[in-house]
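Values reported hereafter were calculated over all heavy atoms of this structure, with side chains retained and with hydrogens, waters and symmetry mates removed.
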Amino acid sequence: MPVEIERRYRIGDFSELVGLNSPTLRYYEKEGLIKPHRTDNGVRYYTDMDAKWVRFLLHLKSTGMTIEQLKRYVKLRAEGDSTINQRIELLEEVRRNFEVEFQQMQDSWTILNDKLDWYKGKMGGHIEDSEQFSDYLQSLNHGYLEER
């Protein structure tokens, strides 16, 4: 069976692969989130495993995880399985915050669609010209107007 050679990416190619520009990759490196490999003469390079790691970090970041939380997660992960409980606590905190943001986004999505329906209703004659959007929202009773 042929031996598979590990693919190496210079920073420009890796940047395209993961969708982050070179300065951002260097920033992530400076913050300890990623650790590129170095050739014998000091040129940084990345591998496919590094790409998977960066994609995972970007998924965490997309949940609203801050750079500080990412750094904490990376540090805990590097310390091994003895930190699993701490990682669970961190990820549960992120999940709670994400759930709040997700609900707010769902409310915004609903109100955007309601506004479009209201305009289309006015254009189609289904909604009286005198009806205000706020009255229309009240009539829908979606619940997102209430304080959360």
Side-chain angles (χ1 to χ4, degrees), residues 1-121 127 131-148:
M1 187 170 244
V3 175
E4 194 169 314
I5 297 173
E6 180 179 60
R7 181 128 190 235
R8 293 180 175 193
Y9 302 92
R10 294 187 69 160
I11 194 164
D13 295 329
F14 191 72
S15 171
E16 286 183 33
L17 182 67
V18 297
L20 294 174
N21 61 35
S22 298
T24 300
L25 289 171
R26 287 187 192 98
Y27 171 72
Y28 278 22
E29 179 183 349
K30 182 177 129 277
E31 293 299 319
L33 299 176
I34 59 175
K35 186 175 181 182
H37 311 275
R38 299 277 179 176
T39 63
D40 291 339
N41 58 355
V43 176
R44 72 170 49 89
Y45 71 89
Y46 303 88
T47 66
D48 288 322
M49 287 300 294
D50 296 320
K52 288 178 184 178
W53 175 245
V54 168
R55 287 186 191 109
F56 176 70
L57 289 176
L58 293 175
H59 283 297
L60 290 178
K61 192 170 180 295
S62 73
T63 67
M65 204 172 201
T66 66
I67 293 294
E68 290 305 314
Q69 288 172 318
L70 284 169
K71 286 167 56 173
R72 183 165 175 240
Y73 179 85
V74 168
K75 180 180 177 291
L76 291 170
R77 182 177 174 268
E79 291 175 14
D81 287 353
S82 66
T83 65
I84 287 177
N85 282 337
Q86 292 165 286
R87 284 182 266 168
I88 288 171
E89 289 172 15
L90 174 62
L91 293 174
E92 284 179 342
E93 175 188 338
V94 170
R95 181 172 59 186
R96 284 189 301 274
N97 294 337
F98 183 74
E99 286 172 346
V100 170
E101 287 184 39
F102 184 69
Q103 184 61 56
Q104 290 170 343
M105 289 182 76
Q106 285 181 311
D107 292 348
S108 296
W109 176 257
T110 301
I111 203 165
L112 172 65
N113 286 315
D114 290 345
K115 189 70 168 183
L116 285 168
D117 291 344
W118 181 71
Y119 280 130
K120 290 175 182 177
I127 295 176
E131 184 177 358
Q132 297 294 310
F133 183 60
S134 58
D135 295 331
Y136 176 74
L137 287 178
Q138 289 293 333
S139 72
L140 295 176
N141 196 25
H142 286 304
Y144 55 80
L145 296 175
E146 300 164 8
E147 288 293 319
R148 290 198 192 271

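Here R95 contributes atom CZ and L91 contributes atom CG; the two are 9.0 Å apart, rounded to the nearest 0.5 Å. With rounding to the nearest 0.5 angstrom, the CZ atom of R77 is 4.0 Å from the CH2 atom of W53. Here the straight-line distance linking atom CG of L70 with atom CG of L60 works out to 6.0 Å at 0.5 Å rounding. The CD atom of E101 sits 11.0 Å away from atom OG of S108, with the distance rounded to the nearest 0.5 Å. Interatomic distance, CD1 of I67 versus NZ of K61, reported as 5.5 Å (0.5 Å rounding). Of the inter-residue distances, the one linking Q106 atom CD with E99 atom CD reads 10.5 Å to the nearest 0.5 angstrom.
Of the possible polar contacts, one joining the S15 side chain to the L20 backbone as a donor-acceptor pair under 3.5 Å is found. In this structure, the side chain of W118 does not engage the main chain of S134 through any donor-acceptor pair within 3.5 Å. Side-chain atoms of T83 never come within 3.5 Å of backbone atoms of Q86 as a donor-acceptor pair (strictly under, hydrogens ignored). Between the side chain of D117 and the backbone N or O of D114, no donor-acceptor pair lies under 3.5 Å.
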Does E68 form a salt bridge (Lys or Arg N to Asp or Glu O under 4.0 Å) with R72? I'd like the steps, not just the answer.
CA-CA 6 Å; E68 290 305 314; R72 183 165 175 240; over 6 Å; no
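Nearest heavy atom pair, residue L25 against residue I34, reads O-CD1, 3.5 Å. Heavy-atom minimum distance, R8 versus Y45: NH2-OH, 3.3 Å. Closest of all the heavy-atom pairs between M65 and Q69 is CA-OE1, 3.4 Å. The shortest non-hydrogen separation linking L33 to L57 is O-CD1, 3.6 Å.
For the residue pair D107 / Q103, a side-chain donor-acceptor distance below 3.5 Å is found, with atom types taken as modelled.
For S82, there are no side-chain contact (heavy atoms from CB on, under 4.5 Å) partners two or more places apart in sequence or in a different chain. Taking the side-chain contact (heavy atoms from CB on, under 4.5 Å) definition, one finds that N113 meets it with W109, L116, sequence neighbours left out.
Residues K120 and I127 fail the side-chain proximity criterion, which asks for heavy atoms closer than 4.5 Å. In this structure, L17 and R55 have side chains that are in contact, with non-hydrogen atoms separated by less than 4.5 Å. Looking at heavy atoms from C-beta onward, K75 lies out of side-chain contact with K71 at the 4.5 angstrom threshold. For the pair M49 and E6, the minimum side-chain heavy-atom distance is 4.5 Å or more. A 4.5 Å side-chain heavy-atom check between Y28 and V74 finds every atom pair outside the cut-off. Within the 4.5 Å cutoff, side-chain heavy atoms of R87 are placed close to those of D81.
For R7, the CZ atom sits in a loose shell: 12 or fewer heavy atoms of surrounding residues, nucleotides or ligands are nearer than 6.0 Å. Within a 6.0 Å radius of NZ in K115, more than 12 heavy atoms belonging to other residues, nucleotides or ligands are found. Surrounding CG of D40 are at most 12 heavy atoms belonging to other residues, nucleotides or ligands under 6.0 Å away.
A tilted orientation is assigned to the rings of F14 and Y9, their planes being inclined by 30° to 60°.
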